[in-house]
Amino acid sequence: MAKDQLVQTSEIDLEAWGKERGIKYFMVNFTDLLGAQRTKLVPIRGIAGMQEGGAGFAGFAGGMDYTPAHPDMLVMPDADAAIQVPWQPDMAWVPGNPVMKNEYSAQAPRNVLRKQIAEAAELGLHVKIGVEPEFSLLTPDGKALADDLDTRVKPCYDQQSMMRNYHIIREISEYMLQLGWGNYQNDHEDANGQWEMNWDFDDVLAMADQLSFFKFMAKYVAEKHGMRASFMPKPLPTLTGNGLHAHISAWDGTGEDAKTNLFAGSDDTPTGRYGLSETGKHFLGGILKHGSGMAVICCPTVNSYKRIGAPSTASGSTWAPNSVTWAGDNRTHLVRVPGGGRMELRLPDGSANPYLMPAVIMAAGIDGIRTKADPGEAKEIDMYVDGHQIKDAPKLPQNMLDGLRMFEADNVLTSAMGDEFSSAFLKLKNKEWGEYSSHFTEWERQHTLDI
């Protein structure tokens, strides 16, 4: 079996760990190229064998760019990341690292992120991320709001909606608290039926696993109560879309060993005045340098482009970027730098792959550090009103095909993410675009039938 160079061998014996906790079954999980979670249910009697040799999946059937002729893709459970499922305590969920032909699969999203973690460690950086997942509570068919009393024009932080949906939000919050994630606030967001839940930031791989489990958990709780939790970027056309804002910092260690935020600094420079060190400055410069190219990883679906660059929604704002710019505590830009040695990337949406999104952020930022990329001056304007004044700011792609072309043209970024991954991603997503383009719509009939 391939030797793991990126994560220390776990001291946890999953069978013993499970017996101590009354676990009867393990869900051995991986996330495919398109962001879907795949799993095998393994009785505790079989988990020792899986920990030793991996759980076998047919990669072609499991959303990866393999053929039916390929051997089994073996998913090695990461025992350090195992979670006892709060609502089903005899079950554990454990993410794994896919292996193909005795090597870690270079196209598997969790491995792509682990590659970036190793690259950052070579520079003495240990990235931590906090996420702000937004989701909509819809009817089971996904066509309408589950709460038909949620009708305010500006529903953000609405108290009555919170009480009507308290049973959903409370249950998810209690599970996060049981898991020790440090859930610290939950709120109704800017769209009717839209919610956001926040928990403590963490090491980047731990946060990616938590985000994966959070989506699984929110969907389960909603289904249990006869609703559908959707992270779709734009589930309802006139309402604000579901974003996934990412707060990024880099430290001198991981976990409790992290003592110093290496992005924090202060001097009389454009970035220093916003609390960023030279390292933070160059990381930010890398994000801006690759902003257009990384968009399709952060916004990976056809529907994503109905959120970014869209006209104002029913509430009066999209809360999504449209150009590659940065500012201080200003939410109309691609990157917000509120101080304290962190930056917020406002590009990602709810459909972003929990592993690829932080991976591409790190790939762009690491290149920025290595090339000493300069983000330039902050643009302290309202981009929704005065963005036309900035003539030289690159635009974000207007659709998924543009995004795929911009990613493919960014040779530095595709190389950093890995040639095998980039090729596989582009192949599957271009196929998806082709299927979308060939789909006949009612709009076409209405607009061209009588021409």
Euclidean distance, [Y] [atom2] relative to [X] [atom1], rounded to 0.5 Å:
X: Leu138; Y: Ser230; atom1: CG; atom2: OG; answer: 5.5 Å
X: Thr139; Y: Asp141; atom1: OG1; atom2: CG; answer: 4.0 Å
X: Asn242; Y: Gln194; atom1: CG; atom2: CD; answer: 4.5 Å
X: Asn353; Y: Leu33; atom1: CG; atom2: CG; answer: 8.0 Å
X: His333; Y: Leu288; atom1: NE2; atom2: CG; answer: 11.0 Å

Exercise. Do Arg370 and Glu119 pass the salt bridge (charged side-chain N to carboxylate O under 4.0 Å, His left out) test, and can you show the C-alpha distance, the side-chain angles, and the key distance before you say yes or no?
Worked result: CA-CA 11 Å; Arg370 286 176 171 158; Glu119 295 282 339; 2.9 Å; yes
Exercise. How about Val296 and Met400: do any of their side-chain heavy atoms sit closer than 4.5 Å?
Worked result: yes
For the backbone of [Y] and the side chain of [X], can you confirm whether one donor and one acceptor N or O come within less than 3.5 Å of each other?
X: Ser292; Y: Lys395; value: yes
X: Tyr355; Y: Leu205; value: no
X: Gln116; Y: Ala416; value: yes
X: Asp349; Y: Gly243; value: no
X: Ser422; Y: Thr414; value: yes
X: His70; Y: Thr67; value: yes
X: Thr313; Y: Ser317; value: yes
X: Thr39; Y: Val28; value: yes

Identify whether the distance between the nearest side-chain nitrogen and carboxylate oxygen of [X] and [Y] falls below 4.0 Å.
X: Arg110; Y: Asp209; result: yes
X: Lys429; Y: Glu432; result: yes
X: Lys224; Y: Glu171; result: yes

For this session: May I have the step-by-step check of salt bridge (charged side-chain N to carboxylate O under 4.0 Å, His left out) for Glu344 and Arg346, ending in yes or no?
Result: CA-CA 6 Å; Glu344 176 194 39; Arg346 299 182 60 80; 3.3 Å; yes
Would you please indicate yes or no on a ring centroid separation below 6.0 angstrom for [Y] and [X]?
X: Tyr305; Y: Trp433; answer: no
X: Trp199; Y: Phe214; answer: yes
X: Trp195; Y: Phe231; answer: no

Exercise. Does the ring-ring contact (aromatic ring centres under 6.0 Å, His included) test come out yes or no for Tyr66 and Phe60, once each step is laid out?
Worked result: CA-CA 5 Å; Tyr66 294 123; Phe60 173 78; 9.8 Å; no
Residue pairs passing the salt bridge (charged side-chain N to carboxylate O under 4.0 Å, His left out) test where at least one lies in [range], sequence neighbours excluded:
range: residues 31-42; result: Asp32-Arg38
range: residues 433-443; result: Lys431-Glu435, Glu442-Arg445
range: residues 186-206; result: Lys128-Asp203

Exercise. Has Arg114 got its NZ or CZ under 6.0 Å from the middle of the six-membered ring of Tyr104, at an angle within 45 degrees of the ring axis?
Worked result: yes
Using a 6.0 Å cut-off, check whether atom [atom1] of [X] has over 12 heavy atoms from anything other than its own residue.
X: Tyr220; atom1: OH; value: yes
X: Tyr25; atom1: OH; value: no
X: His439; atom1: NE2; value: no
X: Trp181; atom1: CH2; value: yes

Exercise. Side chain to side chain donor-acceptor pair (under 3.5 Å) between Gln37 and Asn29: does it pass, once the steps are laid out?
Worked result: CA-CA 7 Å; Gln37 294 192 45; Asn29 168 285; 3.0 Å; yes
